[in-house]
Amino acid sequence: MTKNSQPKLLIISNSFPPLLDASAVLVNNIFSKYRGNMFAIGGTTFTKFDHSFKPPCETKYIRFPRNYFFSILSNFHLYFFWFYYWYLFFLVKKIKPDIIFGNYPHEVMFVASYKVARKLNIPFYAYMHDLWEENTENDRAKFATKWEGEILKHSKRVICCTSKQQEHYKLKYGIETDLLLHPIPDEDLVGLKYNIVNSSIVEVAFVGSDSSAMNRDALKTISRAITYLPDQYKLTWYPINDIPLDNLNKMGFDTSKIEIKLVSTQEMRSCIKKSTILIAPLSFKNCSLSEVKTVFSNKLLTYFITGRPILVYSPENSFHSISAKKDGWGMVVSEEDEINLANQIKFLSENETIQKEVVQMAIEEAQKRSASSQAKNLYEWVIADTMDKSF
């Protein structure tokens, strides 16, 4: 890099627009407001995609055919490590970045990007959307154990998403980390206000997928809690992919008052602004305990800007519960009790004063998370870390 040029940041992320998984949305929110020189290398995940969801910069993709054979083959992606390494090696040599921003999850591409950075003596940022070693098993766990400590202790920066995640890595590795809050696009922060809902139906809305590691037992409890309430109460579920009610029944859900709505992202956002309550559950048992304690769910970014109150249903030591209690952006229920949960849902749905207080604090939380402010922090790190190379 010359004295007067902008340092080039290379983003290497398997999850990247137009893919519509949580990590792609998160990374895009940051880099859509990044004002420095950047280039990206994206990958292939077998999830939903939307071609209107444009990448924030020029992007080269490592593509595999999106068919049944390759979706099965993706389960053995650990064996593709050297393919990723050499593919990235030759791409990075052409791109000539000053810093590489590696995004976890998708461990194979993440490790390959780190190894390329080390080989070419390029500073590496490890962006940890989720915990790694704690969320894997079998061969993936061995791979994580081999690489996690190596990468996190030798990266130029380790970037976390929550203060609890920072505490986790400080305790585990004795390292200092940086923090980028989950960002909200600046344009979504304009004109936020409490939305009045006049409906005879009391709709408890949930956005997201069923996950045995993160929310299944909590969602089952919610499904049963709703049945204790009057007939006008229902749980409306907005998943990314369709979830047949028969499947939920087999897993132990009470589906008598559940409605599944499979709609576009824009339609979902419009719908939940008319809901009575938005619910944010995390598992209490049979889950990834460390992840539940440290995670920040992407759905909250959408919830914060709806003008409707949030009910957080999660363990009291989770970041969700701690943050919502401290900053007031959600009413917290931390007891695993169907009747108590039903009573708290009813209380919040009937108390407009509390609703307005919760919504106001959610708006303030949203403002703290503007994408431009988080992108500015990242840009300042890039400038600082390339300063010596500028002259």
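Listed by chain and number, the residues in a salt bridge (charged side-chain N to carboxylate O under 4.0 Å, His left out) with Lys346 are Glu350 (sequence neighbours excluded). Taking Glu259 as the reference, Lys234 meet the salt bridge (charged side-chain N to carboxylate O under 4.0 Å, His left out) condition, with sequence neighbours excluded. Under the rule for a side-chain contact (heavy atoms from CB on, under 4.5 Å), the partners of Ser212 that lie at least two apart in sequence or sit in another chain are Arg216. The side-chain contact (heavy atoms from CB on, under 4.5 Å) search around Ser370 returns Asp186, Leu189, Ser372, Ser373, not counting sequence neighbours. Take Glu58 and apply the salt bridge (charged side-chain N to carboxylate O under 4.0 Å, His left out) test, not counting sequence neighbours, and it matches no residue. Glu336 is linked by a salt bridge (charged side-chain N to carboxylate O under 4.0 Å, His left out) to Lys285, counting only residues two or more places apart in sequence or in another chain. Applying the side-chain contact (heavy atoms from CB on, under 4.5 Å) rule to Val359 yields the partners Tyr194, Pro309, Ile363; only residues at least two apart in sequence or on another chain are considered.
Asn29 has its side chain out of reach of Ile184: every pair of non-hydrogen atoms, C-beta onward, lies at least 4.5 Å apart. Looking at heavy atoms from C-beta onward, Thr306 lies out of side-chain contact with Arg269 at the 4.5 angstrom threshold. With contacts defined as side-chain heavy-atom distances shorter than 4.5 Å, the pair Tyr61/Pro18 qualifies. Between Ser349 and Leu229 the shortest side-chain heavy-atom distance does not fall below 4.5 Å. Side-chain contact between Phe253 and Lys220 is present, with heavy atoms from C-beta onward closer than 4.5 Å. Looking at Leu88 and Ile62, their side chains come closer than 4.5 Å, going by heavy atoms from C-beta outward. Counting heavy atoms from C-beta on, the side chains of Leu248 and Leu219 never come closer than 4.5 Å. Considering only heavy atoms from C-beta on, Thr255 stays 4.5 Å or farther from Ser223 through its side chain.
Listed by first then second residue, pairs satisfying ring-ring contact (aromatic ring centres under 6.0 Å, His included) with a partner in residues 294-313 read His182-Phe296, Phe284-Tyr313, Phe304-Trp329, not counting sequence neighbours. Pairs engaging residues 350-384 under the ring-ring contact (aromatic ring centres under 6.0 Å, His included) rule: Tyr34-Tyr379 [sequence neighbours left out].
Around atom CD1 of Ile196, no more than 12 heavy atoms belonging to other residues, nucleotides or ligands sit under 6.0 Å away. Counting non-hydrogen atoms of neighbouring residues, nucleotides and ligands closer than 6.0 angstrom, the NZ atom of Lys257 exceeds 12 such neighbours. Shown here is Lys273, whose NZ atom has no more than 12 heavy atoms of other residues, nucleotides or ligands within 6.0 Å.
Here the side chain of Asn28 pairs no donor or acceptor atom with the backbone of Ala24 at under 3.5 angstrom. Side chain of Asn135 to main chain of Leu131: a donor-acceptor pair is present (N/O by atom type, distance under 3.5 Å, no hydrogens or angles). The backbone N or O of Ser297 sits less than 3.5 Å from a side-chain atom of His320, completing a donor-acceptor pair. Judged by distance alone, with hydrogens and angles left aside, the side-chain atoms of Asn14 form no donor-acceptor pair with the main-chain N or O of His106 at under 3.5 Å. Within the 3.5 Å criterion, the main-chain N or O of Asp217 finds a donor-acceptor partner in the side chain of Thr221. With Asp337 contributing its side chain and Ile339 its backbone, the two residues share a donor-acceptor pair below 3.5 Å. Between the side chain of Gln232 and the backbone N or O of Val202 there is no donor-acceptor pair closer than 3.5 Å. Judged by distance alone, the side chain of Ser264 and the main-chain N or O of Glu267 form a donor-acceptor pair under 3.5 Å. When atom types are taken as modelled, the side chain of Thr59 and the backbone of Cys57 share a donor-acceptor pair closer than 3.5 angstrom. Panel note: side chain Asn37, backbone Pro7; no donor-acceptor pair is recorded below 3.5 Å.
By the 30° and 60° cut-offs, the orientation of the rings of Phe81 relative to Tyr85 is parallel. Ring-plane geometry between Phe101 and Tyr127 is classed as tilted, the angle between the planes lying from 30 to 60 degrees on a 0 to 90 degree scale.
If you chain together hydrophobic residues whose side chains sit under 4.5 Å apart, Tyr228 and Val333 never meet in one group. The same ILVMFWY cluster, assembled from side-chain heavy atoms under 4.5 Å apart, contains both Ile345 and Phe347. Connection of Leu179 to Ile383 is not established within any shared hydrophobic cluster, with ILVMFWY side chains joined at heavy-atom distances below 4.5 Å, either directly or through further cluster members. Using a 4.5 Å cut-off between side-chain heavy atoms of Ile, Leu, Val, Met, Phe, Trp and Tyr, with links allowed through other members, Val358 and Val197 fall into different hydrophobic clusters.
Of the charged side-chain nitrogens involved, none lies within less than 4.0 Å of a carboxylate oxygen, so that Lys170 and Glu167 do not count as a salt-bridged pair. Salt bridge status for Lys368 with Glu364: absent, with no side-chain N to carboxylate O gap under 4.0 Å.
With respect to Tyr87, the ring-ring contact (aromatic ring centres under 6.0 Å, His included) criterion is satisfied by exactly one of Phe90, Phe89, Phe83: Phe83.
One side chain, Ser256 or Asp254, offers a donor N or O that lies under 3.5 Å from an acceptor on the other. Judged purely by distance below 3.5 Å, without hydrogens or angles, the side chains of Asp178 and Tyr125 never pair a donor atom with an acceptor atom. Side chain to side chain, Ser321 and Ser314 meet the donor-acceptor criterion of an N or O pair below 3.5 Å.
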Worked check of salt bridge (charged side-chain N to carboxylate O under 4.0 Å, His left out) between Lys33 and Glu187: CA-CA 11 Å; Lys33 298 301 179 183; Glu187 52 270 25; 3.2 Å; yes
side-chain contact (heavy atoms from CB on, under 4.5 Å) evaluation trace for Asp246 with Asn249: CA-CA 5 Å; Asp246 285 347; Asn249 280 320; 4.2 Å; yes
CA sep, side-chain torsions, deciding dist, call: Asp21, Ser15, side chain to side chain donor-acceptor pair (under 3.5 Å): CA-CA 7 Å; Asp21 62 14; Ser15 298; 2.7 Å; yes
Would you mind writing out the side-chain donor-acceptor pairs for residues 142-149 within the sub-3.5 Å range, not counting sequence neighbours?
from: Thr145; atom 1: OG1; to: Glu133; atom 2: OE2; distance (Å): 2.8
from: Thr145; atom 1: OG1; to: Ala141; atom 2: O; distance (Å): 2.9
from: Glu148; atom 1: OE1; to: Glu133; atom 2: N; distance (Å): 3.0
from: Glu148; atom 1: OE2; to: Lys172; atom 2: NZ; distance (Å): 2.6
from: Glu148; atom 1: OE2; to: Tyr173; atom 2: OH; distance (Å): 2.5

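Hydrophobic cluster membership for Met214: Leu282, Val292, Val295 (Ile, Leu, Val, Met, Phe, Trp, Tyr linked by side-chain heavy atoms under 4.5 Å, directly or transitively). Grouped by direct or indirect side-chain proximity (heavy atoms under 4.5 Å, Ile/Leu/Val/Met/Phe/Trp/Tyr only), Ile322 sits alone.
Atom CE of Met361 sits about 9.5 Å away from atom CD of Glu357, to the nearest 0.5 Å. Within the model, atoms CD1 of Ile11 and CG of Asn103 stand 9.5 Å from one another, a figure rounded to the nearest 0.5 Å. Atom CG of Leu10 and atom CD1 of Ile100 lie 5.5 Å apart (nearest 0.5 Å).
Geometrically, Lys164 does not engage Phe319 in a cation-pi contact defined by less than 6.0 Å to the ring centre and at most 45° from the axis.
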